[in-house]
There are 2 protein chains.
Amino acid sequence: MGLTKTEAFTDQQNDLANLAKAMAHPARIAILEHLIKVNACVCGDLVDELPLAQATVSQHLRELKAAGLIKGNIEGTSVCYCIDTDRWRTIRERFLSLFDRCCGPDSSCC
Amino acid sequence: MGLTKTEAFTDQQNDLANLAKAMAHPARIAILEHLIKVNACVCGDLVDELPLAQATVSQHLRELKAAGLIKGNIEGTSVCYCIDTDRWRTIRERFLSLFDRCCGPDSSCC
DNA sequence: TTGTTTCATTGCAATATTACGATGAATGAC
DNA sequence: GTCATTCATCGTAATATTGCAATGAAACAA
């Protein structure tokens, strides 16, 4: 079906899954890494950084923006993107709250 | 096309994207949370915990296993699943190494 | 005005994912 | 041996994702 039964899960489960989905593509990881590296707004050269067509990059940027990982603001004729630092910290905590709930040195599975 | 250009990105970018993809579904988040909660091997009752058919749950378990997040070992007539604790810590670090590369209190984007 | 640049959006084709019924393989009970 | 239980796999239908060419929309230069 290709249709996720989102209504059958909690909001928190769906939220974390959506955040993971936003990061579930190497191009989007590459975009995030580039934005982090330059540590500033990036206007325009993202298409040059990636081995993808302009339309495809724009689509990935829209998904990252929809997930709240990045912000974009118009600057004259170009658009500048950067990490949404406030949300970034929140998202980091969302992932950590799952990772840290498990597997201390004493956990004895299987 | 639906075909990701994996060859155009680094192994590390593809690896992290694949880990994120494994977590990019609320059912798989729910499975991980349940395995964490009981902190032990779970044999059989996973299907009862989820609002999905047995075949669907099995498919999700296979993806989590392929990504290395969980382990499964046969125990008589049933199969037991649990978090792969060693890999879990490694995966945690992979995510943190991205999250912690950005956005200290002084970062001044946009 | 016309042209240029920059990015978003549309439309499409190829592939991937999700879900489930049906079936299969393996184990244990009897 | 038969039968039930448990889980994996196959096949299939519905939907989602990925990628790109083509086209728009907005800002600026001349």
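Naming: A, B, ... by sequence-line order, numbering from 1 per chain.
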Among the nucleotides [options], which one has an atom lying closest to any side-chain atom of [X]?
| X | options | value |
| --- | --- | --- |
| A:Leu52 | C:dC20, D:dG19, C:dA8 | D:dG19 |
| B:Lys5 | D:dG19, D:dT6, C:dG21 | D:dG19 |
| A:Ser78 | C:dC7, D:dC7, D:dC20 | C:dC7 |

Kindly say if [X] contacts the phosphate of [N], meaning a side-chain N or O under 4.0 Å from OP1 or OP2.
| X | N | result |
| --- | --- | --- |
| A:Ser58 | C:dA8 | yes |
| B:His60 | C:dT17 | no |
| A:Arg62 | C:dT9 | yes |
| A:Lys21 | D:dA16 | no |

Original post:
Closer to the 5' end of DNA chain D via nearest nucleotide, is it A:Leu3 or B:Leu3?
Top reply: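 Here A:Leu3 is the residue nearer the 5' end.
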
Subject >> Residue closer to the 5' end of DNA chain D, A:Thr77 versus A:Glu63 (nearest nucleotide) >> reply: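 It is A:Glu63 whose nearest nucleotide is closer to the 5' end.
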
Subject >> Any residue meeting salt bridge (Lys or Arg N to Asp or Glu O under 4.0 Å) with B:Asp45, in chain and number order, not counting sequence neighbours >> reply: none

Roughly how many Å is it from [atom1] in [X] to [atom2] in [N], rounded to a whole number?
| X | N | atom1 | atom2 | value |
| --- | --- | --- | --- | --- |
| A:Lys65 | C:dC7 | NZ | C1' | 11 Å |
| B:Ile74 | C:dT27 | CD1 | C1' | 10 Å |
| B:Asn73 | C:dA26 | CG | C1' | 16 Å |
| B:Leu46 | D:dT6 | CG | P | 13 Å |
| B:Ile31 | C:dA19 | CD1 | P | 10 Å |
| A:Glu75 | D:dA26 | CD | P | 19 Å |
| B:Leu64 | C:dT17 | CG | C1' | 14 Å |
| A:Gln54 | D:dC20 | CD | C1' | 10 Å |

What nucleic acid atoms does [X] come within less than 4.0 Å of, heavy atoms only: base, sugar-phosphate, or nothing?
| X | answer |
| --- | --- |
| B:Ala55 | base |
| A:Leu61 | nothing |
| A:Thr4 | sugar-phosphate |

Original post:
Between B:Gly76 and B:Ala27, which has a closest nucleotide on DNA chain C that is more 5'?
Top reply: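 The residue whose closest nucleotide sits nearer the 5' end is B:Ala27.
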
Original post:
Near A:Gln12 CD, under 6.0 Å, is it more than 12 heavy atoms from other residues, nucleotides or ligands?
Top reply: no

**OP:** Mark yes when over 12 heavy atoms from residues, nucleotides or ligands other than A:Glu93 sit less than 6.0 Å from its CD; otherwise mark no.
**Re:**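 Counting other residues, nucleotides and ligands, CD of A:Glu93 exceeds 12 neighbours.
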
**OP:** Classify the ring geometry between A:His60 and A:His25 as parallel (under 30°), tilted (30 to 60°) or perpendicular (over 60°).
**Re:** tilted

Original post:
Salt-bridged, A:Lys65 to A:Asp84, with N to O below 4.0 Å?
Top reply: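 Result for this pair is no, no salt bridge flagged.
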
Original post:
Taking side chain as C-beta onward, heavy atoms only, is B:Leu69 less than 4.5 Å from B:Glu63?
Top reply: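 With C-beta onward as the side chain, the pair stays apart.
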
